Amino acid sequence: MAPMAVALILGWWLVAVSRAQQLPQLSLSLHPSQGVSLGDNVTLRCHLPQPAAWVRLYRYQNPTYIEQKDNVQNMAEFSLTSIKQEAAVIYQCQYQGLAPAGTSQKSDPMELLVTDHSYPPPGISLSPKEHVEMGSNITIQCWNKDYGASFLLNKAGHSAPIQHQEPDDEGTATFTLFGVTPADSGTYRCSYRIGGCCLLFSPLGDNVTLEVIPRPAPPGVNGRPSRNLVAAVSGGCAVAIVIIIILTVSFLLVARRRRMQRHERPGATSRSPEAVQFQVSPGDSEGLTYAQLQAVTHSTHPPASSTTPEPPIIYAEVGTRGPR
Ligand SMILES: *[C@@H]1O[C@H](CO)[C@@H](O)[C@H](O)[C@H]1NC(C)=O
Ligand SMILES: *[C@@H]1O[C@H](CO)[C@@H](O)[C@H](O)[C@H]1NC(C)=O
Ligand SMILES: *[C@@H]1O[C@H](CO)[C@@H](O)[C@H](O)[C@H]1NC(C)=O
């Protein structure tokens with residue numbers, strides 16, 4: 001089955017290519033481009049890249065053309081008046097070039113979607129709610145028990161439906177928007193395709209409005225915010241450490257200057273008990289501690305500058321342990 005289909009498609013493609021003879025493509029547009037209902041007039045315009053001997057309008061995959069216009073400069077207009085449901089099909093056009101001569105390929109297919117207001121619009125609901133945070137999953141359900149063949153989800157501002165979905169046995173189609181972003185905010189409406197021939201659709205139903213609330217990504221979601229947090233914390237720590245260092249250094253400088261001023265006072269001793277080494281013998285059974293202290297003094301000034309030598313002053317703190 002599959003090889004046969006491939007062979008058919010390949011054959012059709014080869015025929016189409018050999019017939020095309022490399023003429024530039026033409027394009028087809030529809031006016032109005034949307035919101036066409038049964039009974040309306042629409043215009044199909046075939047835009048030519050060069051003058052043509054004739055332009056023909058076709059129904060998709062139908063070998064016989066609907067209508068032909070001769071000697072066309074750059075655009076051929078085909079009017080469909082008071083359209084019926086049979087007009088709701090796919091169209092293409094084709095032209096016969098003058099120079100270079102030859103028959104063009106058919107244009108890209110264009111769908112004429114027609115609304116039949118004799119059908120009821122579908123119902124619609126949105127869950128969990130209309131205002132949601134970014135990243136939430138949203139479902140929009142559309143239903144019509146009697147007629148729905150295939151449902152279309154339309155978003156305001158988009159010319160074409162954004163999703164289509166088959167209904168379940170109850171005639172309900174469920175559209176899911178995963179991980180919504182603020183770009184998903186907007187107004188949504190549904191319609192359904194009417195079974196049978198043609199591109200006939202129900203009118204659009206009521207609207208639902210979705211508003212996605214942007215929120216800052218929580219720390220650690222993509223690594224960046226946590227890095228920022230770490231940077232902020234370590235930055236704060238660095239500032240604190242620098243302040244502590246500055247305070248310590250200035251405190252030391254002030255203390256040193258005070259000490260030097262004391263030393264420079266007249267009559268002040270040049271010796272100070274700056275370092276004391278002592279040995280402590282283990283305490284005896286009565287909890288007394290004996291210490292033998294030996295004073296070592298350092299002098300910053302030459303001994304000659306001292307007028308009245310003073311004996312070194314020894315400060316000692318003696319602790320006693322209570323009896324065991
Ligand atoms: C469609 O066109 C016909 C003739 O050109 C005109 O009489 C009719 O009013 C038009 N219908 C609409 C809905 O514009
Ligand atoms: C959204 O749906 C997907 C797929 O079912 C699931 O993995 C994810 O956890 C859902 N997210 C939320 C926020 O419910
Ligand atoms: C949505 O529907 C309400 C009433 O059903 C209407 O007032 C509102 O204008 C509609 N919004 C849009 C954007 O169509």
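Atoms within each ligand, like the ligands themselves, are counted from 1 in listed order. Worth saying up front: this structure is predicted, and the values here are computed from it rather than measured.
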Among non-hydrogen protein atoms, atom 4 (C) of ligand 2 lies closest to Phe178 CE2, 3.9 Å
Closest non-hydrogen protein atom to atom 13 (C) of ligand 1, residue and atom name please, with distance?
-> Gly39 O, 4.3 Å
Do the side chains of [X] and [Y] join up, straight or via other hydrophobic residues, at under 4.5 Å, putting them in one cluster?
{"X": "Val114", "Y": "Tyr119", "value": "yes"}
{"X": "Phe151", "Y": "Ile138", "value": "yes"}
{"X": "Tyr188", "Y": "Val180", "value": "yes"}

Within 4.0 Å of atom 7 (O) of ligand 2 (strictly less), any protein heavy atom?
->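 It does not; no protein heavy atom is within 4.0 Å.
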Atom 11 (N) of ligand 1 touched by protein (heavy atom, under 4.0 Å) | yes
How about Asn62 and Thr64: does a side-chain donor come under 3.5 Å of a side-chain acceptor?
->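 Side chains of Asn62 and Thr64: pair found under 3.5 Å.
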Scan side-chain atoms only and decide if Gln141 and Thr174 contain a donor-acceptor pair under the 3.5 Å cut-off.
-> yes
For Gly135, counting its heavy atoms only, list the atoms of ligand 2 lying under 4.0 Å from any of them.
->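 The list of qualifying atoms is 13 (C).
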Polar-atom distance check: Asn137 versus ligand 2, any N or O pair below 3.5 Å?
-> yes
Note: Leu153 and Cys190 closest approach over all heavy atoms is CD1-SG, 3.9 Å
Only heavy atoms count here, so choose which of Thr209, Asp206, Asn207, Thr187 is nearest to atom 2 (O) of ligand 3.
-> Asn207
